[in-house]
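Everything below concerns the one structure shown next.
Lettering of chains follows the sequences in order, A, B, ..., and the numbering in each one begins at 1.
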Amino acid sequence: MAKKQTNDDTSQINTMNSIPKTYKNYINGEFPRTESGRYYSVEALDGKHIANVGLSTRKDIRNAVQAARKAQASWANKTAYNRGQIIYRIAEILSGRREQFTNEMVLLGYTKEAAELELNACIELIVYFAGWTDKIGQVFGSVNPVASDHFNFSRQEPVGVVGILSPETPSLLGMLGLLLPNMVAGNSQVIIASKQFPLPSCTFAEVLATSDVPAGTVNIITGLKSELIPPISQHMDVDVLVGDHSLDIELRVMCELESASNMKKVYFWESFISLEELNSSPNETISTCVHSLKDPYHILHLQEVKTTWHPISE
Amino acid sequence: MIDRIPIDAVGIQERVARICTRSIKKESKLQALDLALRMMDLTTLEGSDSEGKVRQLCNKALHPYTELPNIPSVAAVCVYPNRVALAKSILKNSSISIASVATAFPSGMSSLQIKLDDVKFAVSEGADEIDMVISRGAFLSGEYAKVYDEIALIKEVCGTAHLKVILETGELGSLENVRMASDLAMKAGADFIKTSTGKISPSATMPVVLVMLQAIRDFHETTGRKIGMKPAGGIRSSKQAIQYLVMVKETLGNDWLDPSLFRFGASSLANDVLMQWVKEKTGRYQSLNYFSND
Amino acid sequence: MSEKNLSDQSTRSNQASISIDWSYADAPESTSHVTFSKHYGLFIDGSFTEYNENQSFESINPTNGESLYRCTEANKSDVDAAVTAARKAFKGTWGTTSGTQRSHYLYRIARMLQERAREFAVLESMDGGKPIRESRDIDIPLAAAYFFYYAGWADKLAYAFPGKSPKPLGVCAQIIPWNFPLLMLAWKIAPALACGNTVVLKPAETTSLTALKFCELLHDVGLPDGVVNIVTGAAKTGEYLVQHPDIDKIAFTGSTGVGKVIQQSIAERQLPATFELGGKGAFILFDDAALNEAVEGIVNAIFFNQGHVCCAGSRLLVQEGVAEKVIDLLKKRMQHLIVGDPLDKNTDIGAVNSKEQLETIQRYVKTGIQEGATCFECSGSLPTSGYYFPPTILTGVSQSSTVVQEEIFGPVLTIQTFRTTDEAIEKANNTPYGLANGIWTDKGSKIFYVGSKLKSGVVWSNTYNKFDPTSPFGGFKESGKGREGGISGLHAYVKLDHNGGMY
């Protein structure tokens with residue numbers, strides 16, 4: 001009798017030894033579900049169900065923008081050195097969770113090699129941008145030799161709240177490529193994750209939550225771009241939209257059109273790469289991608305130039 | 001009438017930061033805790049202050065902590081005018097003063113006559129000290145003579161009660177304004193200048209207190225008169241209280257380290273000081289369970 | 001309006017005043033967690049050489065005059081071994097390391113320095129005499145910040161040199177002084193490594209400890225062998241280093257006298273060299289300044305770090321109308337300065353770095369008095385053992401007084417008055433030095449006007465002795481050539497084309 005019980009016990013333990021995660025949004029430093037309660041199923045290439053992910057709505061966008069706006073001033077007021085250290089710490093934390101990410105990517109259809117290369121590239125990109133916070137002003141700011149007795153200087157300042165429309169692939173590198181210059185610029189963000197490959201972005205929220213990034217600075221939500229782009233592009237308290245050319249042309253046009261509501265700046269960068277390209281020649285595609293992402297001009301786009309005059313006299 | 005003194009806020013912050021690096025340990029810490037208690041104005045200023053509430057506060061003032069002998073008395077209790085008589089009846093045989101807020105506290109938004117009557121009432125009920133508020137609206141619109149005259153008239157009706165002038169520094173907008181208001185109040189007859197009503201945020205902060213102490217120092221230099229200082233509101237920990245004492249010592253010297261010239265307007269500070277005291281004596285960190293919760 | 005006096009207060013107020021004399025008990029920093037060796041070899045090619053008693057010298061703890069540890073005096077062949085190791089690393093491992101990889105090493109150094117900050121701070125104070133509060137709150141955090149800042153440049157150099165493809169120079173010989181030992185090491189090593197160079201560095205002979213401890217860090221970080229080499233020693237070792245035929249660059253921070261000697265000795269070699277030398281900064285205080293903050297600024301400018309600061313504001317030029325008030329406020333402030341054991345957390349002014357320096361300071365003050373100056377010292381007591389000098393001000397001096405002309409390098413301030421803005425500028429510039437000056441006024445336009453006319457590499461307005469890795473620092477005239485910090489700090493460590501670099 002006793003022996004049978006033990007067998008049952010061990011077999012019960014074996015089948016329940018993994019506790020799959022519920023993937024949620026990341027807003028204001030917390031992990032709420034979408035207000036709508038709707039979800040979509042994320043599947044592996046062979047159709048196997050991997051996870052249920054929220055189909056967020058305009059209300060989630062509303063909440064995320066509110067959180068971003070509240071957090072933006074204090075993020076911008078930190079010293080450049082402090083922001084640089086915080087961004088560097090994201091790399092430290094991501095580095096420690098390497099396997100968690102590569103496993104998710106493989107489930108989604110990456111080859112193991114491509115997953116590891118992409119993750120290394122992500123870490124490298126984070127460290128790269130961490131080093132720009134206290135230098136971007138030196139390279140692109142100026143003291144202007146005006147033809148009068150005035151000290152005149154130009155500095156870059158953050159724009160405010162930015163809506164980030166993540167590319168479909170690369171799932172994490174693509175999102176970081178749009179996120180990092182923004183953080184350096186001193187802005188706060190509302191990110192709409194890749195629809196097809198949302199998991200690394202959701203898990204990245206955990207990295208943000210455990211680094212020293214203040215709550216609300218970065219917000220990540222999942223869902224359909226066709227449902228989420230209308231509210232975010234119309235939102236009067238969003239200052240910039242960034243995305244890439246892989247976004248449907250109608251949605252891109254909508255962004256441009258709706259930006260007139262409050263004169264948002266809208267930027268669409270060159271297309272990122274497809275999963276096929278990534279898997280077939282990971283080394284080459286990742287390094288080309290990283291090379292084009294390591295660009296401080298992306299930061300400039302996300303800042304305002306303020307020029308100040310002051311008299312020089314006894 | 002009052003000169004504008006330039007003040008560099010960054011410089012003030014740096015001096016404050018350096019003061020906060022002072023490490024006060026051992027016997028100097030015990031001395032500081034003793035001082036802090038003796039300088040305390042235990043305060044209750046709520047619309048909901050019933051007689052029972054005030055009674056409780058007065059009892060706490062008389063018996064802060066019965067476990068240890070030789071705990072000194074606090075300097076005063078601070079209440080609304082209609083509770084002065086009650087407080088007086090409980091504390092009349094002790095060395096603890098009765099301070100009353102007055103002049104349409106906390107806003108000061110009433111007629112001069114009402115404000116004067118408010119003071120007269122409190123004094124007639126037995127208040128030893130009056131804590132008045134200045135007219136911030138008038139100050140911010142540059143009506144300095146009006147602010148000055150009000151203070152002078154209120155001082156007259158105080159009689160022998162001493163007058164603390166609350167500047168409500170959290171509404172004044174800049175350290176230079178704090179300095180100007182301090183100079184104005186002292187010239188008009190204040191015995192003490194006080195930071196805040198405790199009803200708005202921010203209340204007392206270290207940069208503001210440093211500026212006010214500098215004003216007191218300079219006033220003493222020119223007139224020979226020693227005016228007292230009272231930071232009020234927002235001081236909850238012994239650590240903060242001790243930092244203020246360092247600031248007083250290094251700006252004004254040992255003379256001002258005395259309840260006749262320096263007070264803390266606080267309520268929860270008392271228990272924290274007592275807890276620190278017991279910790280210094282016994283070596284153990286304390287729990288609020290062992291200190292009366294009035 | 002009735003006059004209120006104290007006796008009225010006590011009749012209806014609380015108990016009688018008991019005035020107390022409240023002083024601060026000692027608050028010693030704990031040293032139990034700190035370890036260091038009694039004997040050190042040289043750090044060459046990734047490891048320490050074996051210590052040899054016959055080739056050693058002692059380092060004195062200035063708080064008690066006793067020997068703290070002994071280290072090796074590098075001789076000519078030691079220096080040669082170090083340069084050889086640096087050359088090998090430059091040609092080999094380091095030369096092929098990408099900017100990205102270099103940045104990752106430098107970030108790790110910064111992070112580890114932050115992790116071990118308290119240990120380094122305690123050692124810095126024990127070795128050099130500066131108060132623990134300064135090493136804890138300024139020296140060590142700032143050193144980490146310089147590594148962090150330059151780490152970020154390593155893979156971005158093209159943006160610092162538009163139109164050029166910057167390349168490293170090679171092996172850099174670096175000599176640093178004793179007033180901010182670890183910080184000066186960071187100022188030298190961080191930009192050099194960021195640009196792809198390798199380094200042979202000689203710390204000052206009275207303060208080798210944190211540099212040697214730093215080598216442990218390099219080992220933990222896994223920096224390739226030979227990239228950084230530390231050769232301890234005195235003037236002779238410095239000479240061997242500077243004269244070595246296989247170095248590509250010299251960076252020297254120290255006295256103007258030695259700087260000139262080095263400049264002469266390398267004349268025939270066309271070697272790029274940068275110098276951070278002495279200074280005699282003017283602290284210009286206008287009558288419309290925020291006076292209280294200015295007085296605190298004076299304390300920062302000349303008394304902290306015992307005045308061992310090349311950019312110290314050692315000459316107060318105060319506008320005549322406020323001179324008396326300022327001097328009075330200053331004297332009052334000085335009474336609260338605590339001169340004492342560097343390891344006590346309340347100490348404001350620590351020990352003078354060495355017996356020699358103490359004697360130099362004493363000599364200058366004596367000369368000053370002989371030339372007619374009036375001397376006022378802060379009244380606090382001095383410790384009975386070790387090398388200490390109280391904060392001192394000298395009034396009744398003039399532009400031609402020795403104490404106004406020459407750099408004292410101690411906590412001694414000379415005070416002169418001026419009447420007009422132009423007079424202040426003239427007096428400030430009337431010196432062969434040109435490192436730093438300070439302007440104190442409430443008027444912005446005056447700051448820009450005076451700032452544009454002062455002949456110094458650094459102008460501080462309504463502040464003093466502020467340092468930041470992004471902010472270039474260096475002197476005009478005999479205070480040196482070259483800048484450290486910011487983009488300018490990179491200029492000294494790259495070759496831009498076949499014509500060479502900037503120096």
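Among L210(B), T251(B), L245(B), the residue making the largest number of heavy-atom pairs under 4.5 Å with chain C is L245(B). Here T21(B) is the residue among I24(B), T21(B), V211(B) with the most heavy-atom pairs under 4.5 Å with chain C.
For the pair K230(B) and F262(B), the cation-pi criterion (under 6.0 Å, within 45° of the ring axis) is not fulfilled.
Heavy atoms of K443(C) lying under 4.5 Å from chain B are absent altogether. Of the two parts of Q214(B), only the side chain, counted from C-beta on, holds a non-hydrogen atom closer than 4.5 Å to a non-hydrogen atom of chain C. Heavy-atom distances place both the backbone and the side chain of A32(B) under 4.5 Å from chain C. Using a 4.5 Å cut-off between heavy atoms, D442(C) touches chain B through its side chain atoms alone. For D26(C), the parts lying under 4.5 angstrom from a heavy atom of chain B are both the backbone and the side chain. Residue contact with chain C, scored on non-hydrogen atoms closer than 4.5 Å, involves the backbone and the side chain of I7(B) alike. For Y464(C), no part sits under 4.5 Å from any heavy atom of chain B, backbone or side chain. A294(C) does not touch chain B: none of its heavy atoms, backbone or side chain, sits under 4.5 Å away. If you measure heavy-atom distances from V246(B) to chain C, the contacts under 4.5 Å come from both the backbone and the side chain.
Side-chain atoms of I284(C) and W440(C), non-hydrogen and from C-beta on, never get closer than 4.5 Å to each other.
No hydrogens or angles considered: a donor-acceptor pair under 3.5 Å links the side chains of D288(C) and T441(C). Side chains of R217(B) and N292(C): a donor on one and an acceptor on the other come within 3.5 Å. Looking only at atom types and distance, the side chain of D258(B) has a donor-acceptor partner in the side chain of S260(B) under 3.5 Å away.
Residues passing the side-chain contact (heavy atoms from CB on, under 4.5 Å) test with A25(C) are K26(B), E27(B), S28(B), sequence neighbours excluded. Residues forming a ring-ring contact (aromatic ring centres under 6.0 Å, His included) with W256(B) (at least two apart in sequence, or on another chain): H220(B).
The pair K88(B)-E125(B) does not meet the salt-bridge criterion, since no charged nitrogen lies less than 4.0 angstrom from a carboxylate oxygen.
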